[in-house]
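Report on one structure; see the data block that follows.
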Amino acid sequence: MNDSDMDDNTPADDRRTARDFDVEIDDVLDEDGDDEDGLFDDLLRGEPIFENKEVLRPSYTPHELPHRNEQINNMATILVAALRGETPSNILIYGKTGTGKTASAKFVSQELEKTSRKYEVPCEVEYINCEVTDTQYRVLAQLANTFIQQNREFVDDRVDELESLAERARDDPTVLADTEFDSVEAVVERVDSLLDDREEMEDVPMTGWPTDRVYAEFFDAVDYVERVAVIMLDEIDKLVEKSGDDTLYNLSRMNSELDNSRVSIIGISNDLKFTDFLDPRVKSSLGEEEIVFPPYDANQLRDILEHRSETAFKADALSEDVLPLCAAFAAQEHGDARRALDLLRTAGELAERDQADIVTEAHVRRAQDKIELDRVVEVVRTLPTQSKLVLYAILVLEKHGVHNINTGEVYNIYKRLCDEIDADVLTQRRVTDLISELDMLGIVNAVVVSKGRYGRTKEISLSVPVEETEAVLEADSRLGDVENVTPFVQARFDNE
DNA sequence: AACTATCTGCGACATGTAGGCT
DNA sequence: AGCCTACATGTCGCAGATAGTT
């Protein structure tokens, strides 16, 4: 309930404050007859393009997911069991990034919790992102703690309830008739035992306990109250990759030992083949139901964008071809909706910066470039020093008009660069690998070619803009003071 | 805090290889 | 036909870092 309330209110609040702000600005400008333009005046006067940019961000969970009805209904059909107090089948959800897996799952679980509250069926959904919480210990600890927290709240409520009951019973013992208690003393006793339990509910520390104790703690916490617990494990493949399938094995066989409650697992995975590494028993129990999220095609992406842009942008802020173009670009890249939204948002931001009234096709194309450039800058910036040196060597060669650079040349320049800045010199073996890595990152293009009598080498060329890359590399403090590499590149030319 | 397992980056050494040259 | 170049690619074992466990 809280979550959805917040979702409903936050954007509205944003809108209101934004509008108020506009009004104030207008007032100020009106009063000040002499409009000496300050730094921000121009920027503010332009028609804002965005109505609410939040809905374009990846963190936003929409209330409607176009083209995912089938999957959502599927999940709902499986999970209604929880509302009848039965154990829902475990679900495994597959799909690449940006296919709406997480959003759909979260949406369904919100609905589930909402309905469970309406009918007062005890049913909880716990969401865990295994990329963040990536060990068995941490998953268990986190689960244990949330359930312990819930139990505390449950006990507190129950104690309040019973205390007031006891109070009333003292005056008028007949109120006990409809309850499980036959005397005031029994109620008081129950309160005491609850308070004792309350004492024992200790948080699991984030480190320090043996795993089996954490597991036991979690087990007890879940079983303390009658309920159906749905555990959502996002990026479950990461968990399996890093710490094996023990966690899943334990979780999936819990049901047979729980007395009061039932657990059900929803696994969300990017990787279709991750079950290959699982214990067959885990595999069969976890994959009772499988739901696949296929990538969106261009038309579906357009629907999604249309849907979101209604709230995201002011009316008529988009020129006609913007959405189809964004959709087409994103469809080329594996139908990733996140990417499409990112593109649209960036295009809008660019338009805003231009103080344009509408977002045009050109903005989208520029956004595409910008996103790609940002990616490259980020990749290059975070490269280890040795890789940077190798890249710098390639860059230097490229700048001097050498094309089809080969490994030997790169290695020579690289050695000089290392000398210059006093860095360790790696062997050619290693540098070869580093070049391959740069190739895989897409900042360099390397093809192996055979030059017959003159051996076999990689032909390397830069596949990113020279100036920008150079700027990023030179921003590195260790590379900053490399000066004048031209002479020895030149020397190499003369030799040839 | 101490212990252990796993991962990472590296060099040594070995083997593979396309195709122009002789 | 086979040689030979300038590397590519593969495997191993090591040391130090990092993470998980107790």
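Throughout, a chain's letter reflects where its sequence line sits, starting with A, and its residues are numbered from 1.
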All N/O pairs under 3.5 Å across the protein-nucleotides 3-6 of chain B interface:
none

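For the pair A:Asn260 (side chain) and A:Val225 (backbone), a donor-acceptor distance under 3.5 Å is absent. A:Ser264 places no side-chain N or O within donor-acceptor distance of the main-chain N or O of A:Thr87, the cut-off being under 3.5 Å.
Cation-pi geometry between A:Arg430 and A:Tyr411 is not met at under 6.0 angstrom from the ring centre and within 45 degrees of the axis.
Phosphate contact (OP1/OP2 of C:dA8, side-chain N/O of A:Thr432, threshold under 4.0 Å): present. Close to C:dC7, at under 4.0 Å from its OP1 or OP2, lies a side-chain N or O of A:Asn406.
Between A:Tyr224 and A:Phe154, the ring planes are perpendicular. Angles over 60° get that label, and only those under 30° would be called parallel. Ring geometry for A:Tyr60 against A:His63 counts as perpendicular: the plane angle is over 60°, on a 0 to 90° scale with 30° as the lower cut.
Rounded to an integer number of Å, the gap from NZ of A:Lys458 to P of C:dA6 is 17 Å. Rounded to whole Å, atom P of C:dT11 lies 13 Å from atom CG of A:Asp433. We find that CG of A:Leu140 is positioned 14 Å from C1' of C:dT21, with the value rounded to whole Å.
Within the structure, ring pair (Phe, Tyr, Trp, His ring centres under 6.0 Å) contacts touching residues 431-472 of chain A (residues at least two apart or in different chains) do not occur.
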Where protein sits on nucleotides 8-14 of chain B, one letter per nucleotide: B base, S sugar-phosphate only, - none, heavy atoms under 4.0 Å: -SSSSB-

Per-nucleotide protein contact string for nucleotides 12-18 of chain C (B base, S sugar-phosphate only, - none; heavy atom under 4.0 Å): -------

Nucleic acid footprint by protein, nucleotides 15-21 of chain B - heavy-atom cut-off 4.0 Å, B for base, S for sugar-phosphate alone: -BBBBBS

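Shown are A:Arg338, A:Arg345, A:Arg339; of these, the side-chain hydrogen bond (donor to acceptor under 3.5 Å, both in side chains) with A:Asp342 is made only by A:Arg345.
Side-chain contact of A:Gln149 with A:Arg152: a donor-acceptor pair under 3.5 Å is present, judged by distance alone. A:Thr432 and A:Lys458 share no donor-acceptor pair across their side chains, judged by distance under 3.5 Å alone. Under the 3.5 Å distance criterion, with hydrogens and angles disregarded, no donor-acceptor pair is assigned to the side chains of A:Arg68 and A:Ser104.
Here the closest non-hydrogen pair linking A:Leu350 and A:His363 is CD1-O, 3.8 Å. Heavy-atom minimum distance, A:Leu301 versus A:Ala340: CD2-CB, 4.2 Å.
When the shell of 6.0 Å around CD of A:Glu290 is examined, it contains more than 12 heavy atoms from other residues, nucleotides or ligands.
Each end of the helix from B:dA1-C:dT22 to B:dT22-C:dA1 yields a helix axis from five base pairs, and these two axes differ in direction by 20° (to the nearest 10 degrees).
Interatomic distance, CD of A:Gln428 versus NZ of A:Lys415, reported as 8.0 Å (0.5 Å rounding).
Ion pairing of A:Glu378 with A:Arg375 is absent here, as no side-chain N (NZ or NE/NH1/NH2) approaches a carboxylate O to less than 4.0 Å.
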